[in-house]
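In the text below, chain A, chain B and the rest are named by the order of the sequence lines, each starting its count at 1.
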2 protein chains.
Amino acid sequence: MSRERTDEQPAPQALPQRALARLRVAVIDRDPGFMQVLANRFAALGCEHRSLSSPATVEALVAMRLNALVLDLSVVGPESWDYLERVCGRLPGLAVIVCTGPSSVAQRVRGLRLGADAWVTKPCHAEELICVIEAAVRRHRRHELPQIDVASTIGEITIRPDLYQAYVGERSLELTAREFEIVQLLAQSDRVLRREEIYERVWGYAMAHGDRSVDVFIRKLRQKLRAISPAWSYIHTHFGVGYRFAPEPEPDVEAADHRAPVEEPGPELPAALSR
Amino acid sequence: MSRERTDEQPAPQALPQRALARLRVAVIDRDPGFMQVLANRFAALGCEHRSLSSPATVEALVAMRLNALVLDLSVVGPESWDYLERVCGRLPGLAVIVCTGPSSVAQRVRGLRLGADAWVTKPCHAEELICVIEAAVRRHRRHELPQIDVASTIGEITIRPDLYQAYVGERSLELTAREFEIVQLLAQSDRVLRREEIYERVWGYAMAHGDRSVDVFIRKLRQKLRAISPAWSYIHTHFGVGYRFAPEPEPDVEAADHRAPVEEPGPELPAALSR
DNA sequence: TTGCGTGTAAACATCCTGTGATCGGGAGGC
DNA sequence: GCCTCCCGATCACAGGATGTTTACACGCAA
């Protein structure tokens with residue numbers, strides 16, 4: 001099957017995708033070096049991050065729509081406990097990791113009881129702190145996948161991950177699970193994808209040399225797409241490279257220019273790479 | 001930094017109700033004194049607890065229906081990492097707190113990434129450990145609440161979580177507890193649910209590879225639904241993905257011929273294939 | 001023209017799913 | 001306390017949809 005992303009033996013690859021990818025994290029601290037190290041790690045993990053050298057107001061934190069907050073209590077000053085309590089109280093869905101210098105048991109107990117999710121003592125190893133954040137965020141995220149399930153439309157094609165269903169205008173495309181995943185990948189990537197890349201991201205592991213599965217699936221997809229809207233071609237071959245998804249009028253073989261920047265009816269998205 | 005010795009007094013005031021009350025916690029350790037101290041604290045907090053001097057099998061842990069597990073990795077032996085991974089993998093809803101002697105950063109990172117919620121180094125203060133457990137459990141329980149006891153209606157189906165009862169129009173559906181939970185989950189999620197997801201949210205722990213319980217229950221549900229309203233099929237199979245609850249006669253999947261030849265389907269009547 | 005990459009088609013292998021049956025355990029009735 | 005019934009877990013099997021592999025024709029590039 002295809003869904004078996006979980007425990008498939010022939011998939012030595014994917015570690016469970018770092019939990020921080022695509023999340024928003026803020027760090028309130030005063031050590032520029034520390035924040036820089038973290039910023040680098042966050043960036044590497046595909047995590048949207050923000051460094052604050054002074055405590056933001058609770059309202060400001062709310063506005064940031066954060067998933068996690070790393071907080072050095074010593075930055076806040078005398079009202080640190082109150083601040084921590086207000087933050088945790090107002091943002092129950094926010095993972096708060098207190099990362100502060102040496103502290104007493106009583107302080108740690110107090111912090112945790114006020115709502116902090118974890119207490120890390122400085123100096124600490126960046127990777128360990130990252131893991132603590134991940135652990136905290138993991139639970140919050142576990143049941144709120146719906147946000148990834150938003151429908152997206154590319155030209156006439158509409159993709160609904162929540163229904164595992166694709167549409168051309170009003171009509172629905174009858175796609176199998178794997179076909180759908182390929183269309184989804186192609187449609188959401190506004191660029192040429194190499195076969196190896198498609199295979200790896202859909203199958204979950206590296207493509208064997210000489211494997212033509214991708215080609216076969218592309219053919220099936222073209223067939224089904226053509227059956228519904230013969231006037232358009234959606235999947236374009238880039239000889240020697242791979243495939244690209246883009247709604248364009250069915251070109252006659254000529255296609256003199258490869259990049260064929262056909263006047264493309266406005267809808268050619270703001271060109272601003274959506275990714 | 002955080003030297004501030006502000007009022008360390010236990011601040012008897014507004015600390016929230018202890019989160020461990022009525023929860024089930026197990027401790028796997030070999031230090032009788034340590035376990036006794038914890039046991040006393042757990043008892044004082046109204047927490048159902050269990051002390052194990054050797055690692056229970058994963059299945060045994062499942063059977064205990066725990067909310068949290070305190071684990072000394074050194075008790076497990078050479079296969080401790082594997083054990084930790086299996087436990088976390090099978091019980092995604094369990095808060096796992098590793099409480100072990102001195103360790104390296106790499107070990108802690110590994111433990112956290114395998115799924116542990118927190119890592120506490122021995123020797124540790126009992127109260128602090130309790131707080132860490134509470135913090136971990138707090139997160140887990142947070143999203144168990146969203147269950148609303150409000151009746152909801154999807155098409156002809158009415159679901160009353162408060163009565164554990166479902167209706168088709170006026171007639172009541174005689175469902176067993178588990179059947180009801182599955183219908184409820186499916187009906188309230190307006191999307192395709194994968195088997196693993198259904199299993200995890202209904203049974204409370206991860207589905208074992210090859211388990212077909214969900215299929216069997218789906219069959220029973222279809223049987224009962226069909227017995228009352230033969231004209232509709234509510235549970236739709238998405239081959240290779242999972243199931244989806246929808247009152248309409250499946251507008252998409254296998255409406256007609258899969259290969260849907262070029263010519264549009266002329267005789268496209270309702271064709272309400274129930275399967 | 002040659003060589004290689006791609007399109008197409010069909011045969012083939014896989015494994016997913018529906019189904020009926022069985023077994024063990026727990027709840028409830030007596 | 002014992003018995004019975006019902007529920008839930010697990011298994012085996014069959015049918016069939018899906019995914020993979022093989023084979024060959026075609027077109028692009030050099």
Closest to side chain of [X], choosing from [options]:
| X | options | result |
| --- | --- | --- |
| A/Tyr243 | D/dT18, C/dG7, D/dG8 | C/dG7 |
| A/Phe217 | D/dG8, C/dC16, D/dG19 | D/dG19 |
| B/Thr237 | D/dT21, D/dA9, C/dT17 | C/dT17 |
| B/Phe239 | C/dG18, D/dC28, D/dT18 | D/dT18 |
| A/Arg178 | D/dC11, D/dG19, C/dG18 | D/dG19 |
| B/Val216 | D/dT21, D/dT10, C/dT17 | D/dT10 |

For [N], take OP1 and OP2 only and decide whether either is under 4.0 Å from a side-chain N or O of [X].
| X | N | answer |
| --- | --- | --- |
| A/Arg222 | C/dG7 | yes |
| B/Arg219 | C/dG20 | yes |
| B/Thr176 | D/dC6 | no |
| B/Arg195 | C/dT17 | yes |
| A/Trp203 | D/dT20 | yes |

Expressed in angstrom and rounded to an integer, what is the separation of [X] atom [atom1] from [N] atom [atom2]?
| X | N | atom1 | atom2 | result |
| --- | --- | --- | --- | --- |
| A/His236 | C/dG5 | NE2 | C1' | 19 Å |
| A/Ile182 | D/dT20 | CD1 | P | 9 Å |
| B/Arg212 | C/dA21 | CZ | C1' | 14 Å |
| B/Asp215 | D/dG15 | CG | P | 18 Å |
| B/Arg65 | C/dG26 | CZ | C1' | 13 Å |
| B/His209 | D/dC11 | NE2 | C1' | 15 Å |
| A/Leu221 | C/dG7 | CG | C1' | 14 Å |
| B/Met207 | D/dG8 | CE | P | 18 Å |

Residue pairs fulfilling salt bridge (Lys or Arg N to Asp or Glu O under 4.0 Å) with at least one residue in residues 155-164 of chain A, sequence neighbours excluded:
A/Arg160-A/Asp162
Under a 3.5 Å distance rule, please check whether B/Asp117 uses its side chain to pair with a backbone N or O of B/Val96 as donor and acceptor.
yes
Salt-bridge test for B/Lys224 and B/Glu179: reply yes if a basic N is under 4.0 Å from a carboxylate O, no otherwise.
yes
Pair B/Arg195, B/Tyr243: side-chain N/O donor-acceptor within cut-off below 3.5 Å:
yes
From A/Leu175 CG over to A/Tyr167 OH, what is the distance, rounded to the nearest 0.5 angstrom?
10.5 Å
